[in-house]
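Each chain gets a letter, A, B and so on, in the order its sequence line appears, and its residues count up from 1.
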Amino acid sequence: MSTPENEYIKVRKDKAEELRKEGMNPFINGISPTTTTAVIHEKYDAEDAASLEKDASKHSIAGRVMAIRSFGKAAFLQIRDRAGNLQVFVQKQRVGDEQFKLFKKLDVGDIGLFEGEMFRTKTGELTLNAATLTLVTKAYRPLPEKWHGLTDVETRYRQRYVDLIVNDDVKKTFVARSQIIQAIRSFMVERSFLEVETPMMHPIPGGAAAKPFTTHHNKLDMDLYLRIAPELYLKRLVVGGLERVFEINRNFRNEGISIQHNPEFTMLEFYQSYATFDDLMTLTEEMFSDVAKKVVGSLKVPYQNDEIDFSAPFKRYTMHDSLVEIGKVDPEVLTSRENALKYAKSLGDELKSKDEGLGAIITEIFELKVEEKLIQPTFITHYPTEVSPLSRRNDDNPEVVDRFELFIYGREIANGFSELNDPEDQAGRFKAQVDALYRGDEEAMHFDEDYINALEHGMPPTAGEGIGIDRLVMLLTDSPSIRDVILFPQLKKVNS
RNA sequence: GGGCCGCUAGCUCAGUCGGCAGAGCAACGCCCUUUUAAGGCGUGGGUCGAAGGUUCGAACCCUUCGCGGCUCACCA
């Protein structure tokens, strides 16, 4: 999407052309600023006007011109680089006629190099008194208006580069996102997890209940699926002796787009041998506390009009208890398929298929009655086996599995379980999924024979977990939409 | 996919009952050597999302389409 050539662009191109005629290149290369705005502030913020006057040392900064306040023979410029902002003073008397002529051709949005000494203005602002200035890069397009900035969300997402230039909070959010991922990576590596990369293109979609994207390899003449989860590959690695592995990367699901769903999203998935789902709940508490402390600086994180408390331990309920205690569901409802179905229908729930068992119906009731009430971090444990085809059955009750999901602000943030490593049980579960697939459940899993083959070689008892990184970033950056934490969120195509 | 709302100058937005297309910022010209959304005087800038319809006359009413937001459904 490119707005058409207009008066603004013409004026700026003409200025660039005039400079070229005078032998100047409006797109120079190889400049070397000696410092950044942040270093200057760190060094001089505490110094007063008198002490700055004694300091004649020169500094040069490069950055984008964000504002020009001009007085004819002098002007103040606001310069922004990667680290922050600094005011620059350009005075005709100081820079000379030639340089001042160049300054007159400078526009808001251009990138420049400014060299000079520091001083304080009448109003006390730390300012670089330019001795020389250089146009580094001419900007042909104007920046959005300085007061209201850029607010149109479509333009913000489609032209994220403009959004990043003018909306400082946007930059902060993506810096925080990077820090969160760095903190998680360090956390995992410190615990002897090995970072791996597994295929993005799968011959059989697996590891989650979701509709995949399909693609095609021409030379192999073979349909492939963009992965919906790396799970089955990571567990193959555990069979291979990589006892602790993790992957932070994209999953793709061909489903709806919403305030918390993007077709491609980032997951941390990890597997730890000789651990149980119980161990992973503890690990998750440690990880979230660690990341919140490092990135936000506190365990209490403001989110929208609430405050999320990441202090361990998080609350824990079995799914059954959460339904009764939080959802105020009569326990009788949960004892038979007939009762559950009747109750679910009274809530307006439409079954995905007629063959849904008690477990699936209970899970749907949970989603309707409990999920949105889980504001503070809460683990829900012991999901029905029916909805958990890759999880280990509970030793005391085979109808439920040793699994948890972590909910924060009513959203599912993490999903972990003790892995099913009995190849015969796993084959039976795949079979049930394939039956559901034939009945029309597009999200059901396929039968992965090689995965069974892997399990038949013996997978040590292992627990695994997936954490939705985008949603975690939303919580830690107080972002209301997943689109605020993905640099280039999926949008409809532009028809011109 | 359903419902609701929106799309007007580069940006942010007004536009009354259907009657000449507006403001601020930005741009351009002039003045101005300590500003913080600098200030003053002046000038230019529009496919009113697109197409069709109603009407003497449409940014405004109707239809269809496109794009976006919110929301419901689905999902993590």
Side-chain angles (χ1 to χ4, degrees), chain A residues 1-12 14-15 49 66-78 85 87-95 100 104 107-109 119-125 127 129 139-159 162 166 207-211 228-229 251-269 348-350 352 364 367-368 371 405-408 411-415 441-443 466-472 474 480-483 489 491-496:
Chain A
M1 190 170 81
S2 164
T3 37
E5 195 90 350
N6 60 31
E7 171 206 344
Y8 290 83
I9 294 166
K10 188 178 181 307
V11 165
R12 285 163 178 249
D14 286 350
K15 284 179 185 170
M66 299 304 293
I68 298 175
R69 292 182 284 273
S70 175
F71 295 86
K73 293 191 179 65
F76 291 96
L77 283 64
Q78 202 59 234
N85 297 290
Q87 182 166 269
V88 169
F89 188 51
V90 175
Q91 198 178 20
K92 189 173 185 182
Q93 195 184 344
R94 177 72 199 279
V95 300
F100 203 71
K104 285 291 186 185
D107 287 302
V108 172
F119 77 109
R120 277 195 191 279
T121 63
K122 269 186 195 166
T123 54
E125 181 157 349
T127 301
N129 187 14
Y140 285 162
R141 290 179 187 272
L143 293 178
E145 192 234 17
K146 64 186 172 190
W147 190 358
H148 300 92
L150 179 67
T151 59
D152 179 77
V153 284
E154 185 184 1
T155 311
R156 284 188 44 222
Y157 297 145
R158 289 198 196 276
Q159 300 184 34
V162 179
V166 298
K211 282 176 241 169
I228 55 175
N251 290 346
F252 306 86
R253 298 188 185 174
N254 206 341
E255 285 158 355
I257 294 174
S258 81
I259 202 160
Q260 47 175 332
H261 298 88
N262 195 63
E264 50 180 308
F265 63 102
T266 300
M267 281 268 278
L268 161 68
E269 214 169 278
D349 185 37
E350 295 287 332
K352 273 179 247 170
E364 283 170 25
E367 284 166 6
L368 291 169
E371 226 176 79
E405 287 198 357
L406 173 63
F407 292 88
I408 305 175
R411 297 176 188 144
E412 186 188 335
I413 302 296
N415 176 22
D441 181 355
E442 289 179 85
E443 292 167 11
I467 295 175
I469 296 298
D470 311 278
R471 290 184 180 177
L472 179 59
M474 285 167 69
S481 168
I482 197 167
R483 290 175 163 189
L491 303 171
K492 289 192 197 173
K493 66 170 183 256
V494 183
N495 287 336
S496 48

Discussion item. Please determine whether side chain to side chain contact (heavy atoms under 4.5 Å, CB included) holds for the pair Ile9(A) and Arg141(A), giving the CA-CA distance in whole Å, both sets of side-chain angles, and the decisive distance to 0.1 Å.
Written reply: CA-CA 6 Å; Ile9(A) 294 166; Arg141(A) 290 179 187 272; 3.5 Å; yes
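Lys104(A) has no side-chain polar atom (N or O) that falls below the 4.0 Å cut-off from OP1 or OP2 of rG29(B). Taking only side-chain nitrogens and oxygens, Lys146(A) comes nearer than 4.0 Å to OP1 or OP2 of rA26(B). Phosphate proximity of rG68(B) to Arg158(A): present, with a side-chain N or O under 4.0 Å from OP1 or OP2.
With rU12(B), rG44(B), rU34(B) as the choices, the nucleotide that has an atom nearest any side-chain atom of Glu7(A) turns out to be rG44(B). Nearest nucleotide to the Glu154(A) side chain, out of rU12(B), rC67(B), rA38(B): rC67(B). Minimum atom distance to the side chain of Glu145(A) is reached by rG10(B), of the listed rA76(B), rG68(B), rG10(B). Closest to the Phe119(A) side chain, of the nucleotides rC67(B), rU34(B), rG10(B), is rU34(B). Closest to the side chain of Arg69(A), out of rG68(B), rU34(B), rA38(B), is rA38(B). Listed candidates were rC28(B), rG68(B), rA76(B). Nearest to the side chain of Val153(A) is rG68(B). When each of rA76(B), rA38(B), rU35(B) is scored by its nearest atom to the side-chain atoms of Phe76(A), the top-ranked nucleotide is rU35(B). Distance from the side chain of Asp107(A) is smallest for rC28(B) among the nucleotides rA76(B), rU34(B), rC28(B). Nearest nucleotide to the Val11(A) side chain, out of rG10(B), rC28(B), rC70(B): rC28(B).
rG18(B) and rA58(B) are spaced 14 Å apart, taking the P atom of each and rounding to whole Å. For the P atoms, the distance from rU34(B) to rG42(B) is 24 Å, rounded to whole Å. Between rC65(B) and rG10(B), the distance separating the two C1' atoms is 27 Å to the nearest Å. Atom P of rU16(B) sits at a distance of 14 Å from the matching atom of rC62(B), rounded to the whole Å.
Across the strands present, rG66(B) finds its partner in rC7(B); the criterion is a Watson-Crick or G-U wobble pair with both atom distances under 3.5 angstrom. rU16(B) makes up no base pair with any nucleotide shown, lacking Watson-Crick or G-U wobble contacts both under 3.5 Å. With a 3.5 Å ceiling on both atom-pair distances, the Watson-Crick or G-U wobble partner of rG1(B) is rC72(B). In this entry rG29(B) has rC41(B) as its Watson-Crick or G-U wobble partner, both defining distances falling under 3.5 Å. Here rC61(B) sits opposite rG53(B) as a Watson-Crick or G-U wobble pair (both hydrogen-bonding atom distances under 3.5 Å). Applying the Watson-Crick and G-U wobble criteria (two distances, each under 3.5 Å), rA21(B) pairs with nothing in any strand.
Contact annotation for Asn251(A): no contact, since no heavy-atom pair falls under 4.0 Å across all strands. The residue Gly256(A) sits close to a base: some heavy atom pair falls under 4.0 Å. Counting non-hydrogen atoms under 4.0 angstrom, Asn262(A) reaches a base of the nucleic acid. Residue contacts for Glu405(A): at a heavy-atom cut-off of 4.0 Å it reaches no nucleic acid atom on any strand shown. In this structure, Ala67(A) reaches neither bases nor backbone, as no heavy-atom distance under 4.0 Å exists between it and the strands shown. The residue Arg471(A) sits close to a base: some heavy atom pair falls under 4.0 Å. Within 4.0 Å (heavy atoms only), Lys73(A) reaches at least one base atom of the nucleic acid. Nucleic acid contact for Gly466(A): none, since no nucleic acid atom lies under 4.0 Å from a heavy atom of the residue.
Side-chain atoms of Gln91(A) and base atoms of rU34(B) include no donor and acceptor less than 3.5 Å apart. Between the side chain of Thr151(A) and the base of rU12(B), no donor-acceptor pair of N or O atoms lies under 3.5 Å.
For the pair Arg120(A) and Arg12(A), nearest-nucleotide mapping onto RNA chain B gives the more 5' position to Arg12(A).
Atom CG in Leu472(A) sits 12.5 Å away from atom CE in Met267(A) (nearest 0.5 Å). Taken to the nearest 0.5 Å, the CZ atom of Phe119(A) stands 4.5 Å off from the OG1 atom of Thr127(A).
Between the C1' atom of rC72(B) and the CD1 atom of Ile257(A) lies a distance of 16 Å, rounded to the nearest Å. The NZ atom of Lys10(A) sits 14 Å away from the P atom of rG45(B) (whole-angstrom rounding). Rounded to whole angstrom, the span from the CD1 atom of Ile9(A) across to the P atom of rC11(B) amounts to 11 Å. In this structure, the CD atom of Glu125(A) is 9 Å from the C1' atom of rU35(B), given to the nearest Å. In this structure, CD of Glu371(A) is placed 9 Å from P of rA76(B), rounded to the nearest angstrom. The separation between Gln260(A) atom CD and rC74(B) atom C1' is 12 Å, rounded to whole Å. Rounded to a whole Å, the OH atom of Tyr140(A) is 23 Å from the P atom of rA26(B). In this entry the distance linking CE of Met66(A) with C1' of rC25(B) reads 14 Å, nearest Å.
Proximity of a side-chain donor or acceptor of Arg156(A) to a complementary backbone N or O of Leu150(A) within less than 3.5 Å is not detected. Distance alone, capped at 3.5 Å, places no donor-acceptor pair between the Arg471(A) side chain and the Ile413(A) backbone.
Both geometric conditions, a ring-centre gap below 5.5 Å and a plane tilt below 30°, are not fulfilled together for Phe71(A) over the base of rC32(B). In this structure, Phe265(A) packs face-to-face on the six-membered ring of rA76(B), meeting both the 5.5 Å centre cutoff and the 30° plane limit.
The aromatic rings of Phe76(A) and Phe71(A) sit perpendicular to each other, their planes meeting at more than 60°, with 30° as the lower class boundary.
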